[in-house]
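A quick write-up on the structure given underneath.
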Amino acid sequence: MSSAAVQTPPPFTVDDYLARARRVVAAASERGLSGVLVTPGPDLVWLTGYQPTAITERLTVLVLAPDQEPTLVVPTLERPDAEAAEGVRGMKVVDWADATDPYLVAAPLLRPDGRYGISDSAWALHLLGLQKGLPGTAYESLTEGLPMMRAVKGPDELARLTAAGAAADAAYGEIVKVRFAGRRETEVAANLAGLLRHFGHEQVDFTVVGSGPNGANPHHEAGDRLIQPGDAVVLDFGGLMFGYGSDTTRTVCVGEPTQAIRDVHEIVRLAQEAGVAAVRPGATCQDIDRAARAVITDAGYGDAFIHRTGHGIGVTTHEPPYMVEGEEQPLVPGMCFSVEPGIYLSGRFGVRIEDIVTVTQTGGVRLNNTDHGLALVE
Ligand code: ZN
Ligand code: ZN
Ligand code: ZN
């Protein structure tokens, strides 16, 4: 099992991070926001490269606003770690000590009558603290206010997502060679996690192994069930490589599949194909859901496709925008998201097929390219 030689992309520089911060401020102004408050989580990672070792009750917030230097408010004890982050090197850092009021430290950075976009990952504790300290301020979810903030990936981000997708594909290429029959789901899941790491992932987020009836639960991870000959097995796995996500699903069969498994697998394969084929600039997120769902509904399994068709991916493995009915956000070149229809037959089996797709001028390009047919495993 050779490990593909993947070149490590050059790290993001302080200028890369500052350029992102400037774009966010411009977009916020355009939306009539006074600025943006970024708390620990994916938004802060994307804007600074800083991820506190533990996200806690102590306030950490990056304040971005026009005509103002990007300023990170941190607990005094976290200051050294924060300042070690590449993006933070280009920003102002203000700290607050225990037994002082962090909201008083943050207050001068905000307009008393301002309206701010705030990270979805912000704790209610902190938002309530800011509102109490500055009763004239108003807040809105960054996902609502700036839905495209992290959605459109630059070439440096696409390179990472492409590498992560290729590594996940390499893991799939190996997992179909291991024995399934007579082993527990958790054992195959452990094989998958090891393979993702082997092919370069620094973090494994999930390794779903849903065998037989367990496959009918889309979020079943892996359990003690012994995999049986004849089982359909949903394999959905991903994590982070170079800080960017992978997420792919294939459904395999242990030995000879029943006609029902073959038929349902083929419907899902065609639905996934239709979802990917619908990707083009100007189509909306809900168009992708509709295209995939129509195939499944027309085949009579509409009630068995019980989730949205996809989600964005970037510095996390699940993020906005969502490929779901009602999401009218238009697709833009550089966006990356999953197309993952499924059919779930309670008590019997499930089938899901998932690729990450990026939008280009001429349509969707898959970042996962393993065979979409029903693979037979031992
Ligand atoms: Zn999921
Ligand atoms: Zn997945
Ligand atoms: Zn997914």
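Just follow the structure's listing: the first ligand is 1, and inside any ligand the first atom is 1.
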Calculate the angle formed at the Zn ion (ligand 3) by OD2 in D247 and OE2 in E340; 10° precision is enough. 160°
Side chain of [X], backbone of [Y]: donor and acceptor closer than 3.5 Å?
| X | Y | answer |
| --- | --- | --- |
| Q68 | L109 | yes |
| Q286 | E328 | no |
| D95 | R79 | no |

The N/O/S atom of E354 lying closest to the Zn ion (ligand 3) is OE2
Can you tell which of R183, H220, Q228, E185 makes a side chain to side chain donor-acceptor pair (under 3.5 Å) with S211? E185
From H311, does some N, O or S atom reach closer than 2.8 Å to the Zn ion (ligand 3)? yes
Closest N/O/S atom of D236 to the Zn ion (ligand 2), by atom name? OD1
